[in-house]
Amino acid sequence: MLVSCPSCGRTEVDIIGLAQAVEERLAKIDRPIKVAVMGCVVNGPGEAKDADVGIACGKGRGVIFRKGEQVRTVEEKDFLEALMEEVQKV
Ligand code: SF4
């Protein structure tokens with residue numbers, strides 16, 4: 001299950017594109033997992049912490065959470081791969 005923020009004036013990355021890419025990858029995973037893709041670091045972390053794996057994307061960097069814990073900070077180019085690596089660990 002994918003939760004993504006609707007994106008708003010705070011969004012600093014292509015959150016819709018990332019959410020679509022994540023959704024395609026999740027479709028190949030055959031177990032229930034909640035992933036949150038959020039577009040900012042102001043309101044994003046709350047929802048990201050609430051999911052099995054979540055990312056709060058800031059300008060050029062994002063923070064990834066797994067089971068409510070902040071696990072890593074990644075560069076924008078690595079958002080998708082890093083998020084999927086954490087999904088595999090759940
Ligand atoms: S998480 Fe941030 S970017 Fe996404 S809708 Fe909420 S305030 Fe906007």
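In each ligand, atom 1 is the first atom listed, and ligand 1 is the first ligand listed.
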Of all protein heavy atoms, the one nearest atom 6 (Fe) of ligand 1 is N43 CB, 4.1 Å
Given the options L83, L80, V53, V37 meets side-chain contact (heavy atoms from CB on, under 4.5 Å) only with L83
Given the options R66, K34, K67, D52 meets side chain to side chain donor-acceptor pair (under 3.5 Å) only with K67
Here the pair of heavy atoms bringing A36 nearest to A48 is CB-CA, 4.0 Å
S4 and M38 have their tightest heavy-atom pair at C-SD, 4.5 Å
The protein heavy atom nearest to atom 8 (Fe) of ligand 1 is C8 SG, 2.2 Å
Closest to atom 4 (Fe) of ligand 1 among protein heavy atoms sits C5 SG, 2.4 Å
Atom 3 (S) of ligand 1: closest protein heavy atom, distance to 0.1 Å, is T11 OG1, 3.4 Å
Taking only non-hydrogen atoms of G39 and a 4.0 Å limit, the atoms of ligand 1 in range are 3 (S), 4 (Fe)
Heavy atoms of G58 and F79 approach each other most closely as O-CZ, 4.4 Å
* Assess C40: does it contribute an N, O or S atom lying under 2.8 Å from atom 8 (Fe) of ligand 1? => no
